[in-house]
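The next block holds one structure in the form of structure tokens; read it before the comments.
Computation of the quantities below employed the complete heavy-atom set of this structure, encompassing side-chain atoms and omitting hydrogens, waters and symmetry-equivalent molecules.
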Amino acid sequence: MISPEQVLAALRNVEDPDLKKDLVTLNMIKDLKIVDKQVSFTLELTTPACPMKDMLKNACLNAVKHFVSQEAEVEINITSRVTKPMDTTQLKDIRNIILVSSGKGGVGKSTVASNLAITLAADGAKVGLIDADIYGPSVPTMFDLVGAKPSARETEDGKTLILPIEKYGIKLLSLGFFADPDQPVPWRGPMASNAIKQLFNDADWGELDYLIVDLPPGTGDIHITVTQSFPIAGAVIVTTPQQVALADTRKGLAMFKMPSINIPVLGVIENMAYFTPEELPDNKYYIFGKDGGKELAKSFSVPFLGEIPILQSITAGGDSGVPVALDRTNKIAVSFAEIAGRVAQQIAINNAQTAGDLSLTV
């Protein structure tokens with residue numbers, strides 16, 4: 001007979017490579033059931049976008065076979081429970097707030113933010129997206145929602161809450177939903193900052209695993225307001241390879257490392273890394289330079305999350321309101337999925353380190 005103690009002892013030999021502890025200690029093994037030689041349990045990961053889910057599943061299977069019985073019939077169900085930082089008393093139903101930032105305009109922050117949100121939602125996470133670019137909101141265009149207006153509801157205590165617009169499984173809010181798309185927004189800093197706070201505090205977000213915030217260019221009032229007003233899980237830095245972009249992006253990244261801000265940098269994404277003609281899929285032309293994002297990540301000792309090429313399908317998807325990540329058979333969507341997995345992975349590592357003893361905070 002196979003006992004639960006034998007199975008758990010075997011699974012103690014399987015270590016999460018990020019959290020550096022075994023799956024039993026991390027409380028990631030659930031619902032263990034044994035009937036004769038049939039062994040079933042749930043492997044509860046820290047994110048549905050875990051890039052190592054198949055590796056961990058195979059390691060569990062091999063551990064039971066090796067340490068318990070070769071004849072064991074093992075069934076492993078994979079679920080996830082997204083972790084969160086320790087200090088989340090504010091916006092307690094939102095587990096992780098992720099900032100997508102750069103010191104430079106025109107590097108594709110909105111494209112990256114939108115496709116990351118779509119990828120995480122497709123993997124099973126509960127995702128929201130705030131378009132915090134007051135002066136040039138892109139989310140209404142990228143999701144084909146130009147002219148859309150959010151509705152509202154009144155709570156029992158008389159407070160009015162904005163209801164985010166839902167599309168592609170994502171909850172969305174943008175200042176572009178509240179303004180004429182052809183009208184400029186000539187707001188001074190305090191007015192813009194108050195508007196951004198409303199998108200966080202006066203919206204009915206419900207439960208979210210990840211709230212992605214598409215920040216405006218630069219390092220101004222909006223950045224300071226968001227980083228000092230809300231518990232941020234980490235920032236993703238977007239750049240292009242050329243030096244004129246890297247010079248500004250370097251400042252944008254350094255801002256998060258300032259003692260007064262001190263936000264974890266999850267890593268760097270290099271957008272427009274190279275051009276590949278559709279008729280020559282194996283060719284890469286580095287028209288803006290090469291490896292600028294990698295070198296930036298290396299110089300700040302932060303992860304390099306991946307690179308996205310220049311392709312017509314990415315531009316067309318954004319312009320038509322059908323982002324490229326929606327088609328998971330597209331190789332660019334695969335690239336976004338890999339990057340999203342690394343982002344979620346870094347958040348899980350940071351959250352575990354914040355907990356001190358690597359216990360998973362729920």
Taking the side chain as every heavy atom from C-beta outward, state whether [X] and [Y] have any atom pair closer than 4.5 Å.
X      : Y      : value
Ile165 : Phe143 : no
Thr25  : Arg12  : yes
Leu116 : Ile339 : yes
Ile98  : Ile347 : yes
Thr83  : Thr47  : no
Val7   : Leu32  : yes
Met28  : Leu45  : yes
Leu23  : Leu43  : yes

One pair to check against side-chain hydrogen bond (donor to acceptor under 3.5 Å, both in side chains): Asn271 and Thr240. What are the steps and the verdict? CA-CA 5 Å; Asn271 194 27; Thr240 50; over 6 Å; no
List in chain and number order the residues that pass side chain to side chain contact (heavy atoms under 4.5 Å, CB included) with [X], two or more places apart in sequence or in another chain; answer none if no residue qualifies.
X      : value
Glu5   : Ser3
Thr42  : Lys30, Asp31, Asn77, Thr79
Lys294 : Asp291, Phe304, Glu307

How long is the straight-line distance from [atom2] of [Y] back to [atom1] of [X], given to the nearest 0.5 Å?
X      : Y      : atom1 : atom2 : value
Lys159 : Asp204 : NZ    : CG    : 10.5 Å
Ile94  : Leu211 : CD1   : CG    : 5.0 Å
Ile29  : Leu11  : CD1   : CG    : 5.0 Å
Ser114 : Met142 : OG    : CE    : 4.5 Å
Ile34  : Ser40  : CD1   : OG    : 8.5 Å
Ile237 : Leu266 : CD1   : CG    : 8.5 Å

Check [X] against [Y] and note the closest heavy-atom contact, atom names and distance.
X      : Y      : answer
Gly124 : Pro48  : C-CG, 4.0 Å
Thr219 : Gly252 : CG2-CA, 3.8 Å
Val14  : Ala63  : CG2-CB, 3.8 Å
Asn115 : Pro323 : OD1-CB, 3.5 Å
Lys109 : Ser101 : CD-C, 3.6 Å
Gly341 : Pro51  : O-CD, 3.6 Å

Under the criterion side chain to side chain contact (heavy atoms under 4.5 Å, CB included), which of Val68, Asn62, Leu61 is the partner of Val64?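 Testing each of Val68, Asn62, Leu61 against Val64, the sole residue satisfying side chain to side chain contact (heavy atoms under 4.5 Å, CB included) is Val68.
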With Leu215, the side chain to side chain contact (heavy atoms under 4.5 Å, CB included) member among Ile130, Ile222, Val100, Val236: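 Of all the options given, the one that passes is Ile222.
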Pairs touching [range] that satisfy ring-ring contact (aromatic ring centres under 6.0 Å, His included), sequence neighbours left out:
range            : answer
residues 310-346 : none
residues 212-243 : Phe200-Phe230
residues 32-85   : none
residues 249-289 : Tyr274-Tyr286

Given Lys37 and Glu73, is the salt bridge (Lys or Arg N to Asp or Glu O under 4.0 Å) satisfied, shown in steps? CA-CA 6 Å; Lys37 295 179 181 179; Glu73 301 172 15; over 6 Å; no
Name all residues meeting the side chain to side chain donor-acceptor pair (under 3.5 Å) criterion together with [X]; count only those two or more places apart in sequence or in a different chain, and write none if there are none.
X      : result
Asp319 : none
Glu279 : none
Thr111 : none
Thr155 : Asp157

Between [X] and [Y], is there shared hydrophobic-cluster membership here, with clusters defined by ILVMFWY side-chain heavy atoms closer than 4.5 Å?
X      : Y      : result
Leu129 : Tyr135 : yes
Leu163 : Val139 : no
Ile196 : Leu161 : no
Ile310 : Ile308 : no
Met55  : Ile76  : yes

Under the side chain to side chain contact (heavy atoms under 4.5 Å, CB included) criterion, do Ile78 and Lys57 qualify, and how do the steps go? CA-CA 8 Å; Ile78 294 182; Lys57 181 177 180 179; 3.8 Å; yes
Check whether [X] reaches the backbone of [Y] with its side chain - one donor and one acceptor, N or O, closer than 3.5 Å.
X      : Y      : value
Thr46  : Val82  : no
Asn262 : Met258 : no
Asp214 : Asp133 : no
Ser229 : Val226 : no

Please determine whether the number of non-hydrogen atoms from other residues, nucleotides or ligands lying under 6.0 Å from atom [atom1] of [X] exceeds 12.
X      : atom1 : result
Glu75  : CD    : no
Lys53  : NZ    : yes
Lys126 : NZ    : no

I'd like to know if Lys21 pairs up with Asp16 as an ion pair, taking the criterion as any Lys NZ or Arg NE/NH1/NH2 lying under 4.0 Å from an Asp or Glu carboxylate oxygen.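 No salt bridge links Lys21 with Asp16.
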Give every residue pair that meets the salt bridge (charged side-chain N to carboxylate O under 4.0 Å, His left out) criterion with at least one member in residues 325-342, sequence neighbours excluded.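 Output for this query lists Asp123-Arg328.
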How about Thr276 and Asn283: does a side-chain donor come under 3.5 Å of a side-chain acceptor?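 No donor-acceptor contact under 3.5 Å links the two side chains.
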Side chains of Ser69 and Glu71: do they bring a donor and an acceptor to under 3.5 Å?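 No donor-acceptor contact under 3.5 Å links the two side chains.
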